[in-house]
Undergrad: 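Questions regarding the structure given below will be posed in turn.
Residue numbers begin at 1 in each chain, while the letters A, B, ... track the order of the sequences. In this text the structure is predicted, and so the values were computed from the model without any measurement.
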2 protein chains.
Amino acid sequence: MGDVSEVELVRRWQGLLARHAAVYNALEQELRQHHDLGVPEFEALERLAGCQLGKCRGAELSEAVHLSQSAASRLVARMERDGLVERSLCEDDRRGIFVRLTEHGRRRYLDARPTHRAVLATTLDPQ
Amino acid sequence: MGDVSEVELVRRWQGLLARHAAVYNALEQELRQHHDLGVPEFEALERLAGCQLGKCRGAELSEAVHLSQSAASRLVARMERDGLVERSLCEDDRRGIFVRLTEHGRRRYLDARPTHRAVLATTLDPQ
DNA sequence: CGAAAGTACATGCACGCGCATCTAATGCCA
DNA sequence: TGGCATTAGATGCGCGTGCATGTACTTTCG
C-alpha cells in the first residue's frame, strides 16, 4: 500500500537527519550562548511548564526529552543543582519522585522561549 | 508568506525530534546487534561506497555524517582500527587525507545495508 | 622571497550518553 | 503473610561528542 522505493526511503532519512542536525545544532548554540541552557534542559523545562502545578513524574520526563532513563535522571540532577527544578518524594508510590519547576526555573524558561521560537522559525521553514 | 504559528512550529519540531529518535534508536539497536556497527559508522560507509574509487576527503565525510570535524576524525580512526577504511596522504594537498573503503569495509557495508533499509521501512513510514 | 593568515586534520579535555546494575518500594500469588 | 517478580529511580563505567588547541602545510600579500 504505502510502499515506497528503497531510494526514496533513504532520501527521507537523509533529509530527516539533515534537518534534525541543522535545527538541533542551531538551538544548542543559541540556547547555550544566550541562556546557558542545553536542548534537553529546555525540553524538560517546556514539559514541566506545561504540567499542572509544574509537577511531573520522572518517567514522563524521560519520554519527553527523548533520553534514556539514566540520562534523564542525571539531567534532573543537573537541573536541580542549578536551581531549575526540585525533586520531591511521591507519597503514593515511594519509589517514584516528582520533579517540580521552581520559580527560577520558570523564569529561565520564559526568558529562553523567544530564542527557542526564533531559531525554529529560521531553521525549520523548509519543511 | 510561509508564516506559520508558533504552536505549529513547535509541533513540527517535536515531531521531528520524535521521528528522529525513533528511527535513530532503532537503527543503532539493529546495526549494533547484527553487524556491530553504529549509525555514524554506517553513514560513513554508505558515503564512501558512493564515492568514485571509494575515496573521500575527510571534510566531506564530516559533513556527510553530521558530526563535528573532531568527531569525524576519531570516527575514521576507529574505522581504520577495525579495518573498514584506510587513510592515505593526499599528494595534491599534503595537509589533507583520503579515506578509502577497504574490501572488508565494503563487505561489511553490503551485509548491513538490508538491515538498515528494513529498519527505515518499518520506522519511517508514517512520514 | 618571507612572514602572517588561513586551512586540514589530530588530540587533550571535560562532559553527557546508554548499558548494566544496584537499591528500595510495590504487586502478585500461593 | 512470605517470597519472588516487577518497577522507579540512582549510579559505576566505558565511550563518543564538541570545543579549544596543536601541528603541519598552503595561500596571500607586502
Undergrad: Quick one, give me the B/S/- string for nucleotides 11-21 of chain C, reading 5' to 3', where B means a protein heavy atom under 4.0 Å from the base and S means that only happens at the primed atoms, P, OP1 or OP2.
TA: BBB--SSBB--

Undergrad: Rounded to whole angstroms, how far apart are CD on B:Glu63 and C1' on C:dC9?
TA: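 Whole-Å distance recorded here is 16 Å.
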
Undergrad: Could you check how far CE of B:Met79 sits from P of D:dC15, rounded to whole Å?
TA: 18 Å

Undergrad: Output the rounded distance in Å from CZ (B:Arg94) to P (D:dT27).
TA: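 Checked: the CZ to P distance equals 12 Å.
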
Undergrad: Could you walk me through whether B:Val65 and B:Arg47 pass the side-chain contact (heavy atoms from CB on, under 4.5 Å) check?
TA: CA-CA 8 Å; B:Val65 297; B:Arg47 176 71 153 102; over 6 Å; no

Undergrad: For B:Asp93 and A:Ile97, find the nucleotide of DNA chain D closest to each by heavy atoms; which residue's nucleotide sits nearer the 5' end?
TA: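 In this pair, the answer is A:Ile97.
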
Undergrad: When you compare the side chain of B:Val39 with that of B:Glu43, does any pair of heavy atoms fall below 4.5 Å?
TA: yes

Undergrad: Select from A:Glu91 and B:Gly96 the residue whose nearest nucleotide in DNA chain C is closer to the 5' end of that strand.
TA: B:Gly96

Undergrad: Decide yes or no, distance alone: a donor-acceptor N/O pair under 3.5 angstrom between the base of C:dT26 and the side-chain of A:Arg95.
TA: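 Side chain to base: no pair below 3.5 Å.
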
Undergrad: Are A:Phe98 and A:Leu45 joined in one hydrophobic group, where the rule is that I, L, V, M, F, W and Y side chains link up if heavy atoms are under 4.5 Å apart?
TA: no

Undergrad: Would you call B:Arg12-B:Glu8 a salt bridge at under 4.0 Å N-O?
TA: yes

Undergrad: On the 0 to 90° scale, with breaks at 30° and 60°, tag the A:Phe42-A:Tyr109 ring pair as parallel, tilted or perpendicular.
TA: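 Taking A:Tyr109 first and then A:Phe42, their aromatic rings sit tilted (interplane angle of 30° to 60°).
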
Undergrad: Using whole Å, what does the distance between atom C1' of nucleotide D:dC15 and atom CG of B:Leu37 come to?
TA: 16 Å

Undergrad: Rounding to 10 degrees, work out the angle separating the end axes of the helix from C:dC1-D:dG30 to C:dA30-D:dT1 (five pairs an end).
TA: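 Roughly 20°, once rounded to the nearest ten degrees.
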
Undergrad: CZ of B:Arg108 to CG of B:Leu37: how many Å apart, nearest 0.5 Å?
TA: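 Going from the CZ atom of B:Arg108 to the CG atom of B:Leu37 covers 4.5 Å.
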
Undergrad: Treating Ile, Leu, Val, Met, Phe, Trp and Tyr as nodes and any side-chain heavy-atom pair under 4.5 angstrom as an edge, say whether A:Leu89 and A:Val76 lie in one connected cluster.
TA: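 They do not share one cluster, since no chain of ILVMFWY contacts under 4.5 Å joins A:Leu89 to A:Val76.
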
Undergrad: Can you find a side chain N or O atom of A:Arg87 that sits less than 4.0 Å from OP1 or OP2 on D:dA10?
TA: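 Yes, within the criterion.
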
Undergrad: Working note: A:His104 + A:Leu84, criterion side-chain contact (heavy atoms from CB on, under 4.5 Å); need CA distance, chi angles, decisive distance, verdict.
TA: CA-CA 6 Å; A:His104 180 236; A:Leu84 300 173; 4.3 Å; yes

Undergrad: Is a salt bridge present between A:Arg81 and A:Glu41, judged by a nitrogen-to-oxygen distance below 4.0 Å?
TA: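 Answer for the salt bridge query: no.
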
